Amino acid sequence: MTKPSLPQGTRDFEPETVRKRNYIFNSIKTIFERYGFQPLETPAMENLETLMGKYGEEGDKLIFKILNNGLDNPEKQDQARKDFENILMGKNSKGIAGKALKYDLTIPFARYVATNHKQLTFPFKRYQVQPVWRADRPQKGRYREFYQCDADVVGSESLLNEKELANIYHDVFHRLGIRNYELKINHRKILTALAELCGGAEKMTDIAIAIDKLDKIGLEKVKEELSKKEFTRQQITVIENYLSISGTNAEKLSKIKSLLNNAGTGEKGIKELEYLVADARLAIDFTLARGLNYYTGIIFEAKAKDVLIGSIGGGGRYDDLTGLFGVPNIPGVGISFGVDRIYDVMEELNLFPASLQVSTQVLFFNLGEEESNVSFSIMQQLRHRDIRCELYHENAKFDKQFKYAERKKIPYIIIIGSKEIEEKTCTIKNISTGEQKTIYQNELISSYQF
RNA sequence: GUGGCUGUAGCUCAGUUGGUUAGAGCAUCAGAUUGUGGUUCUGAGGGUCGUGGGUUCGAAACCCAUCAGCCACCCCA
C-alpha cells in the first residue's frame, strides 16, 4: 500500500492556515459589500467552448479539460477513436472532453452576464471569491488550484467606477494592516498610442509583454527582446524614452504628452489618468502593461513594497467583454486580489492577529465520570451563552489535559472535582499567566466573562 | 511545454571512494508525578532510505524510468 499523495500543484490547508485565509477572504468580502457589490458564484466547470480562445494561445494550453464519461461504451467506440484522433492532431474534440475547469472568474462572469443581461439591473456590480484551475507547472507562489477574489462593474463607462475600485484596494489593504504598498496605474490607450508610433497598433501586445518585464530583466534585455521582435532602432529609442519617463505624476503626464505628440489615441488615456491621480495615493507607472489582452482602458496593479513578492492585485477596464458571447456594448471594469500572495506578505510581516488562532476559549478538565457529568451540564450552558468550550475526552492526568490546552491555544481551563461539586464552585485558571481563582458555578453560568 | 536541483523517522537534517544491525535534534508515548502544565531526568516506539527496475559478492549512495517538491524560462495570480 503506497501512501496517497496530492495532485501536482494542489494543497491541503491545515486549520491554522484556513483561519488565516478566511480572515483575508472575509476582509475583502466585507469591503466589497461596503461598496455595494453583490456576491456571485458560478460552477467549477464550464463548457469547453466557453473558455477556449479567451486567454490566448498559451492560455488555451493551460485549461484543465474534463474527460467525458461513457467513452468505453462499445457502441460508440468508433466515434471515440475518431474524436481521439482529432485530439492527437491538436484539435479540440467535444466528443472526448466537452467541459473544463474554470480558468479565471472573469470569463465565466462574462458568460453569466451575456446569458442573463435582460434580467440584470445595470450597472451590475458583483464580487466573486472562488477557486480556479490552471494546468501550469507549479512554482513559487503558483499553484494549479488557487482562489481569485474579483470585483467587477459592468454596464457603465463612468470613471467613477475606477475611482471606487482604487478605494477598495486602499480599504482592503488598510483593513489587513498592509501599509506599505504601491497602487500603480496606467492606461492601455497610452500603450496603444506608443505602439502606433512604433510600427502600428497590432504591435501593442509585443510591446506590452516586453516592457512588463522591465523591473525583472532590466532595460538592456528589454531592448534585446524588442529587436528580436523586429522593432527598428528608431522605434526602440522611442520605447526607451517612454520607459525612462520619471518624476511625480504631474511630471510624468506632461512628459507623456510631449512624447506622444498629442496623438489622438493617447489623449483619452491621459485625460483619464489625470482624473484618477487627483488621488495622490495612485502612482502612474508607464511600464505597467498587464498581460491579459482584453483590457482596453485604465489598468491597475498593487504591489507590496517591503516584501520581495510580485503583485498582490491587479485589474483594469475592458470594453465589450460580453461581445465574445454575442451581446455587444457592455463595458466593464474590475479588480482582483491575489490571496496566496497577500497571505505570504502578511505572514512575513506578521500581520495576522493572534486572536485568530483561539478557537476553543475554555477547556473543562475531566476528573472522572461523576465530575465530568457536572462539568458537561455547566459547559452546555456556557455554550448557549456563545462561549466556545470543550470537555477533555477522558479522565487523564493533569499533565495531559494541560498539554492539550496548550497545544490548542485554549486560554482558560476549568477544574471541577469532588471538592468543587460539594461547594458548588469551580476553579478557573488562565493558562498563560498561571492566575487562578475559585468562583461559584452560578456566577460562571450566568455572567462570568472570559 | 523546456531546462536545472532535491527526495533518508511526524518535522529539520547527518550518513566517509559502494561495506556489518541507517543516526541526531525536535516532536510523540510511558515512568519519576492521578488536584496544577511549560523545566529536568530515565526509558520506549517509530524507517520497504519517494516508487519501480538495473549494475554489483554487497546499494540510502552508482545508472535508467517514474512520481512529487523547489528554482528558472514561457506565461501568469
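Predicted model only: the values in this text are computed from it and were never measured. Chain A is the first sequence line, chain B the second, and so forth, proteins listed ahead of strands; every chain is numbered from 1.
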**Student:** Under the 5.5 Å and 30° test, is A/F146 stacked on the base of B/A77?
**Tutor:** yes
**Student:** Identify whether any heavy atom of A/G368 sits under 4.0 Å from a base atom; if not, whether one sits that close to sugar-phosphate; answer base, sugar-phosphate or nothing.
**Tutor:** nothing
**Student:** Using ring pair (Phe, Tyr, Trp, His ring centres under 6.0 Å), reason through A/Y181 and A/F173 one step at a time and then give a plain yes or no.
**Tutor:** CA-CA 8 Å; A/Y181 64 91; A/F173 293 143; 4.8 Å; yes
**Student:** Which dot-bracket string fits RNA chain B when only Watson-Crick or G-U wobble pairs with both atom distances under 3.5 Å count, crossing pairs get [ ], and | stands for a partner on a different strand?
**Tutor:** (((((((..((((.....[...)))).(((((.......))))).....(((((..]....))))))))))))....
**Student:** Out of A/I207, A/T287, A/I190, which residue meets the side chain to side chain contact (heavy atoms under 4.5 Å, CB included) rule with A/Y242?
**Tutor:** A/I190
**Student:** Can you check the distance between B/A9 and B/U56, where both ends of the measurement are the P atom (answer in whole Å)?
**Tutor:** 30 Å
**Student:** How many whole angstroms separate atom CD of A/E145 from atom C1' of B/A77?
**Tutor:** 14 Å
**Student:** Cation over ring, A/K203 on A/F231, under 6.0 Å and within 45°?
**Tutor:** yes
**Student:** Distance check needed: B/G1 C1' versus A/K65 NZ, whole Å only.
**Tutor:** 13 Å
**Student:** By the 4.0 Å heavy-atom rule, please label A/F337 as base, sugar-phosphate, or nothing.
**Tutor:** nothing
**Student:** Hey, does the side chain of A/K61 come within less than 4.0 Å of B/C74's phosphate (OP1/OP2), counting only N and O?
**Tutor:** no
**Student:** Quick one: A/K228 NZ to B/C73 C1', roughly how many Å, whole number?
**Tutor:** 12 Å
**Student:** Between A/Q128 and A/R126, do the side chains contain an N or O donor and an N or O acceptor separated by less than 3.5 Å?
**Tutor:** yes
**Student:** Whole-Å distance between B/G35 C1' and A/I416 CD1?
**Tutor:** 14 Å
**Student:** Select base, sugar-phosphate, or nothing to describe what A/S418 touches, counting heavy atoms under 4.0 Å on all strands.
**Tutor:** base
**Student:** Just call it for A/Q436: base, sugar-phosphate, or nothing, with non-hydrogen atoms closer than 4.0 Å on any strand.
**Tutor:** base
**Student:** Roughly, in whole Å, what's the span from CG in A/D104 to C1' in B/A77?
**Tutor:** 10 Å
**Student:** Please tell me which of the listed nucleotides, B/C75, B/U36, B/G37, lies nearest to the side chain of A/I431?
**Tutor:** B/G37
**Student:** Establish, with yes or no, whether the OP1 or OP2 oxygen of B/G31 is under 4.0 angstrom from a side-chain nitrogen or oxygen of A/K397.
**Tutor:** yes
**Student:** Using a cut-off of less than 4.0 Å, is there contact between a side-chain N or O of A/Q8 and OP1 or OP2 of B/G69?
**Tutor:** yes
**Student:** Let me know the distance between NZ of A/K400 and C1' of B/U36, rounded to the nearest Å.
**Tutor:** 17 Å
**Student:** Give A/R407 one of three labels, base, sugar-phosphate or nothing, depending on what nucleic acid heavy atoms sit under 4.0 Å from its own.
**Tutor:** sugar-phosphate
**Student:** Phosphate oxygens OP1/OP2 of B/C75: is one of them under 4.0 Å from a side-chain N or O of A/R142?
**Tutor:** no
**Student:** Do A/D152 and A/Y127 meet the criterion of a side-chain donor-acceptor pair at a distance under 3.5 Å?
**Tutor:** no
**Student:** On RNA chain B, compare the nucleotides closest to A/E406 and A/N395; which residue's is nearer the 5' end?
**Tutor:** A/N395
**Student:** Between A/T427 and A/G313, just flag the one whose closest nucleotide in RNA chain B comes earlier from the 5' side.
**Tutor:** A/T427
**Student:** Looking at A/D399 and A/K397, is any side-chain nitrogen of the basic one under 4.0 Å from a carboxylate oxygen of the acidic one?
**Tutor:** no
**Student:** A/I298 and side chain to side chain contact (heavy atoms under 4.5 Å, CB included): which single residue from A/H187, A/K189, A/R188 fits?
**Tutor:** A/H187
**Student:** Would you mind classifying the nucleic acid contact of A/E420 as base, sugar-phosphate or nothing, using non-hydrogen atoms under 4.0 angstrom?
**Tutor:** base
